[in-house]
Amino acid sequence: MSATTTVTAKSESYEYYYHENTWDNKRRVLVGADALDTFSAIPLVDVGRIFSENIEERKAVAEEIANVCKKVGFMYIRNHGISQELIDRVYNLSRRFHAQPKEIKQECYAHNNQELRGWNEHFVQTPQGPVPKKGSFVYSYDPDNDPVLPQLTPEQRAMCLGTFNQWPSRPVGFRDTMLLYQRELLTFSRRLMHAFALGLGCEETYFDEYVTAPFVSIILQHYLPTYPDAEDLDSLGAHTDYETFTILNQDAVGGLEVLNRNGVYVPVPHIPGTFVVNIGDFLERISNDTFVSTVHRVRNATSRERYSFPFFFSFNMDADMGVIPSCASESNPPKYGTRNLYKFTKEMRERAKESHQTGVKNGVDAN
Ligand SMILES: O=C(O)CCC(=O)C(=O)O
Ligand SMILES: [Fe+2]
């Protein structure tokens, strides 16, 4: 259950607790005399210059991006180059997929799949009993669908979760469109990684060898309106994303909120033509906390159904990654050791399987 509890005394700083699957987390919220400069709106960055031929322009936009990643961890991006026509097609197919009867969606039920790829449904407790609040369809990196085909050993290939993807037979064209969207976002993400590398003081190509067959998952989210008498008003409980970064497209319904350092949830309304990009725990960790992975949640307080699709991007599954050398120094030694991405994400999926046994689920998926 997503039991999000906030201590209400606001005159002193406090720990904000949030719950993700079976994992408890907390953030220190700074108020009163401890209050720090924080954000009250999500910045918008024009990322068009990441495609520039001119390195000075690429460095300038990388610095702008890095400044937002250090303070906020969330930004809108525009001029990303992904076609609106393709985005609209993904929405259209997602709506048609989720509108189908449960028996059809259950053909690709995630909990019948060893790696939890496919469709899943989440519930909330009400006085009348549990009712559905969210449906999600998850699919992952398929090495055969990469525009730059990777050379993989059988072991590396078996780690690519997309080899476990389950596809519905309907609507027609669903699989092809979702795989095209994955290809487009993969190419864009590798370019964005160059900007993150520059912004962290590395060579532009520093991460290239770690993203040849990266961890990628896309979730087609479908949020029902919240029930006023539900035990929990979160459509998606407060959490941080655990990957490197997320590129989210959301419809115009709204409801995404981001927690600032002073404990205020800042709304992230829809801005046409933009994606929302946020930093995940893995990049926070290897950047030695230079970039921040920020808590967020979704509350669909409208009477409309809400659709969104986050694209989660991280490194190759067999990557063992520690703190990036440029992010540590004698006065700022590495705070974290090396972590293996496959082992880490496997643990997250095992936790999601465990929480499934408890029946009513908090709505956070095993990406
Ligand atoms: O649907 C949204 O707006 C956000 C989704 C999200 O935060 C997630 O799936 O991790
Ligand atoms: Fe998220």
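Just so you know, ligand 1 is whichever comes first in the structure, and atom 1 is the first atom listed for that ligand.
Judged purely by distance below 3.5 Å, without hydrogens or angles, the side chains of H296 and E257 never pair a donor atom with an acceptor atom. Side-chain atoms of S52 and E57 include a donor-acceptor pair closer than 3.5 Å.
Applying the side chain to side chain donor-acceptor pair (under 3.5 Å) test between Q156 and each of N316, T212, D318 identifies D318 as the sole match. Screening T163, D146, N165 for a side chain to side chain donor-acceptor pair (under 3.5 Å) involving Y141 leaves a single residue, D146. Here the options are F309, Y109, F174, the test is ring-ring contact (aromatic ring centres under 6.0 Å, His included), and the partner is F137; only F174 passes.
Listed by atom number, the atoms of ligand 1 under 4.0 Å from L236 heavy atoms are 5 (C), 6 (C), 7 (O), 8 (C), 9 (O). Close contacts between ligand 1 and H239 involve ligand atoms 6 (C), 7 (O), 8 (C), 10 (O) [criterion: under 4.0 Å to a heavy atom]. Heavy-atom proximity to F312, at under 4.0 Å, picks out these atoms of ligand 1: 8 (C), 9 (O), 10 (O). Counting the atoms of ligand 1 from 1 in the order shown, those under 4.0 Å from a heavy atom of P310 are 9 (O). Close approach of ligand 1 to V298 (heavy-atom distance below 4.0 Å) involves ligand atoms 1 (O), 2 (C), 3 (O), 4 (C).
Under 4.0 Å from ligand 1, the heavy atoms of D241 that appear belong solely to its side chain. Residue contacts with ligand 1 for V276 are absent, since no atom lies close enough (heavy atoms, distance under 4.0 Å). For L248, every heavy-atom contact with ligand 1 shorter than 4.0 Å involves the side chain, none the backbone.
Protein heavy atom closest to atom 9 (O) of ligand 1, with residue, atom name and distance, is Q221 NE2, 3.0 Å.
Between E350 and K346, at least one side-chain N (NZ, or NE/NH1/NH2) sits under 4.0 Å from a carboxylate O, which counts as a salt bridge. Using a cutoff of 4.0 Å between basic side-chain nitrogens and carboxylate oxygens, D281 and R339 are not scored as salt-bridged.
Between R297 and ligand 1 there is no heavy-atom distance shorter than 4.0 Å. In this structure, Q250 does not count as a contact residue of ligand 1, since none of its heavy atoms falls inside 4.0 Å of the ligand.
Relative to atom 3 (O) of ligand 1, the option among R306, H296, K134 with the closest non-hydrogen atom is R306.
To the nearest 0.5 angstrom, F97 atom CZ is 10.0 Å from W167 atom CH2.
Within the cation-pi definition used here (under 6.0 Å to the ring centroid, within 45° of the axis), R297 qualifies as a partner of Y265. Because its NZ or CZ atom is both nearer than 6.0 Å to the ring centre of Y307 and within 45° of the ring axis, R95 counts as a cation-pi partner of that residue.
Relative ring orientation between F215 and Y242 is described as tilted, the plane-to-plane angle lying within the 30° to 60° band.
Excluding water, every protein N/O/S atom under 2.8 Å from the Fe ion (ligand 2) is given here by residue and atom: H239 NE2, D241 OD1, H296 NE2.
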